[in-house]
Structure formats: C-alpha cells, structure tokens
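In what follows, a structure is listed as structure tokens, so that the remarks can point back to it.
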Amino acid sequence: VSQSRYTFLENGQKAIKNSLGGIKGDIKALDAKVTRLEKRVDDLNARVNITTIGFLSIVGILVTGMLTIASKTVFFP
C-alpha cells in the first residue's frame, strides 16, 4: 500500500511540475502581449499629443488674427 501511495504522490508531483511549466509559458506570453499593448498605447498617446498641439496652434493663429482685426476696427475706425 505504501509503494502504491508513493507512486501516486510522485505522479502528482510530476503533474504539478508540468502544470507549472505551462503556467510559466502562459505568463511569458501574457507579458509579451502587455508589452505590445503598452507600446501601442504610448504610440497613440504621442499621436494625440501631436494632434492637440497642431489644433491649438491653428486656433491660436486664428484668434490672433481675429483680435488683430477687432483691435484695428476699434482703435482705427
């Protein structure tokens, strides 16, 4: 009975070790996916920043032009 139980426990340990190996592989795959996702988010963030700066610069130029026209109209009729 003890030899059978020992074999059973040994087989259980092997199964657990195999499962842990699979889990480690899954963790590496998930880590790679997270890294790729973080890179995509950083790229998207950079694009949004560039777009925002471009938009605000255009708005700034338009507002400056409108203020110039308004001030010339008010001060030099």
Side-chain angles (χ1 to χ4, degrees):
V1 173
S2 76
Q3 183 67 18
S4 165
R5 184 175 169 101
Y6 176 75
T7 306
F8 177 74
L9 290 175
E10 200 172 50
N11 289 338
Q13 281 182 338
K14 288 179 184 176
I16 290 172
K17 285 181 182 177
N18 289 337
S19 295
L20 287 177
I23 290 173
K24 286 180 183 177
D26 291 342
I27 289 173
K28 287 181 182 178
L30 285 173
D31 190 37
K33 287 181 182 179
V34 167
T35 303
R36 286 196 311 261
L37 182 62
E38 286 175 349
K39 185 174 186 254
R40 290 180 66 188
V41 167
D42 288 342
D43 291 343
L44 179 66
N45 192 17
R47 283 190 210 145
V48 168
N49 287 343
I50 290 169
T51 305
T52 303
I53 290 171
F55 175 75
L56 290 178
S57 65
I58 291 171
V59 168
I61 291 169
L62 291 175
V63 168
T64 304
M66 289 189 315
L67 286 175
T68 303
I69 293 170
S71 66
K72 284 184 178 182
T73 306
V74 169
F75 295 114
F76 305 112

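Expressed to the nearest 0.5 Å, how far CD1 of Ile23 lies from CD1 of Ile16 amounts to 10.0 Å. Separation of atoms CG (Asp42) and CG (Leu37) is listed at 9.5 Å; rounding is to 0.5 Å. Residue Asp31 holds its CG atom at 9.0 Å from CD1 of Ile27, rounded to the nearest 0.5 Å. Interatomic distance, CZ of Arg40 versus CG of Leu44, reported as 9.0 Å (0.5 Å rounding).
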Can you list, pair by pair, the side-chain donor-acceptor contacts under 3.5 Å of residues 46-74, counting residues two or more places apart and other chains?
unit_1	atom_1	unit_2	atom_2	d
Asn49	ND2	Asn45	O	3.4
Thr51	OG1	Arg47	O	2.8
Thr52	OG1	Val48	O	2.8
Ser57	OG	Ile53	O	3.3
Ser57	OG	Gly54	O	2.7
Thr64	OG1	Gly60	O	2.7
Thr68	OG1	Thr64	O	2.7
Ser71	OG	Leu67	O	3.1
Ser71	OG	Thr68	O	2.9
Thr73	OG1	Ile69	O	2.7

